[in-house]
Every structure is written in structure tokens, then in C-alpha cells.
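Remarks on the structure that follows.
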Amino acid sequence: MKLATWNVNSIKARLPTILTWLKDAAPDVVCMQEIKCEDDAFPQLELEDLGYNVAVHGQKTYNGVAVLSKFPIEDVRPGLPGDDTDPQARFLEVVVSAAHGPLRVASIYLPNGNPVDSEKFAYKLKWFDRLRAHAQALLELEEPTVLAGDYNVIPREDDVHDPKAWSGDALFRPESRAAWRALLNQGWTDAYMAVDGRIHQYTFWDYQRGSWQKDHGIRIDHLACSPQAADRLKGIAIHRPARAMEKPSDHVPVAGEFDL
DNA sequence: ATGGTCGCGTAGCGA
């Protein structure tokens, strides 16, 4: 069972690229972020044609998350618990019927948080607090669960081409990295670190400044696995060639292989 | 120090 996460940076602008990648990589489950459309504008038919069931938590212009699954989708919960007044569509949790039983999956688009001296950074940290509270409740279910998405956190110095240049950025600030570590310390496993952990393997390269050509990237797209999912984790792949496709997203897919 | 790129939506913001 292959489960991928991909910040697509607009499903509308990216659809041909996405369809090409889906046919090639053939993931069973895909968590998407930044679809940037409302639910009824999501290209459901094109994706169903490739054999996917679809769950969408959309938003116009900004944000928006979705889950594609070749397995039936049994339960759909849009929105991160903990603040009913939060209008931003950044969290979608589903349960899919995988080959050997149910698998809980969340598509996560964590706030960017820049600039750090603004309320955006406070929102990021508060959102992280809400995520941890919900993640703790999910752990107590003792089910295979994967929280997959764009966390907008660079965990280590080895996950960025130039740590000094990023030291003041919300993605690399100590508070953001500590929040990510605190999530893992609850009992979640970073799939990449569990099976690879090589340095300077990136998932995002900015469109600006020739970042891709110079390999000035960062690793910010992660799969957090519950113990029951981590037990079944067999491999991880960062789909770096996707950044060189025609009309690429600035993120590439990250895919875990599970015996599930 | 500046400017560089996308996407949305058609100006300027977000990333």
C-alpha cells in the first residue's frame, strides 16, 4: 500500500501534471494540500477515472486539502478540532478500508507562519497545539494512522541547504521545530527518518532565485505514523523528479510504502 | 541591497 502526500499548489493549474504523476506512481492513497478551490470545483471526475475515491475540504483562493483513495472512504471529517471559528481549510481526516483493515489518514496543511513578528506565527503555533491535542486523542485509538502533509517545518539543519540563511524563518524557528518534535515525542514516527534519514533530501524548492537549479531546497513534507502504522512501514520515497516535470508544483510528492 | 517566480484573479497578497 502506497500512501503519498503532495502540496500541489492549485489543483486547477496542476491537473495535467498531477494526472501524469498519478498514472506513473500509482499511489493507493494521496493526501493533497493547497488545492485552492471550493469543493464543487474539484476535478472529481478526472480523478475517479483513474480509480480514486475522493474526499475534499476545499477553500477558494487559499489552502484547501483533499484525500484520494483507491480503497473505499468510510468516514470523512473536515476541519481540525479545537476551534470552530477557524475558517481556514487545512485539515481533512478520513478512514479508508485498506487491504488488511481500516487505515486513518489525515491531510495536513500547517500554516506557514511568516513573518515571524506577525499574528501569522502565533496562528501557526496555536494550530500546532490544536494538532497535537487531536493527535494525542488519535494515538489513544491504537489504530494504524498516518498524519501526512505540508507541515511547514524543517526538522533538522540537515534538512535545509543553508541553515544560517533560514535561521529566522518561521519554517526553521526553534518554536516550530520544537512543536514538530513534541508531536513525534507523543509517539509518532517520521517515516523518512525511520527508513532513510539521509541529509539534504528536500521536498520543496522555491520557484524563485533558481532554487531548483541550485538545489536550494528544504524538507517540510512529512508522514507522521502511529505505532500501528510505523510497524508496517517498509519504505519511503521522495519523488524528486516531479520537480522537473512540466508545470511543476514547488513541492514534490513523498510516498510511504506500508504492509497495510 | 535588490530582485527573482508562481497562482489567484485581475491588484496585490501569499508562499
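Letters go in sequence order (proteins before strands), and every chain restarts at 1.
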Point to revise | Euclidean distance for C1', B:dA11 against B:dG7 (whole angstrom) | key: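 After rounding to an integer number of Å, I get 14 Å for this pair.
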key: Euclidean distance for P, B:dC8 against B:dT2 (whole angstrom)   =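 It comes out at 30 Å once rounded to the nearest Å.
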State which of [options] makes the closest approach to the side chain of [X].
| X | options | value |
| --- | --- | --- |
| A:Lys120 | B:dT5, B:dG7, B:dG14 | B:dG14 |
| A:Arg209 | B:dC13, B:dA15, B:dG3 | B:dG3 |
| A:Glu34 | B:dG14, B:dC8, B:dA15 | B:dA15 |

query: Is a side-chain N or O of A:Arg14 found less than 3.5 angstrom from the main chain of A:Pro248, in a donor-acceptor match?
result: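 Present.
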Please confirm whether the backbone N or O of A:Val116 pairs with a side-chain atom of A:Lys124, one donor and one acceptor, at under 3.5 Å?
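No.
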Atom-pair distance ([atom1] on [X]; [atom2] on [N]), nearest Å:
| X | N | atom1 | atom2 | value |
| --- | --- | --- | --- | --- |
| A:Gln208 | B:dG7 | CD | P | 13 Å |
| A:Asn114 | B:dG14 | CG | C1' | 11 Å |
| A:Asn7 | B:dG14 | CG | P | 17 Å |
| A:Tyr62 | B:dG12 | OH | P | 13 Å |

For A:Thr61 and B:dG9, is the shortest distance between a side-chain N/O and OP1 or OP2 below 4.0 Å?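 For A:Thr61, the contact criterion (side-chain N or O under 4.0 Å from OP1 or OP2 of B:dG9) is met.
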Please state whether the phosphate of B:dG7, meaning OP1 or OP2, lies under 4.0 angstrom from any side-chain nitrogen or oxygen of A:Lys247.
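True: A:Lys247 side-chain N/O within range (under 4.0 Å) of B:dG7 OP1/OP2.
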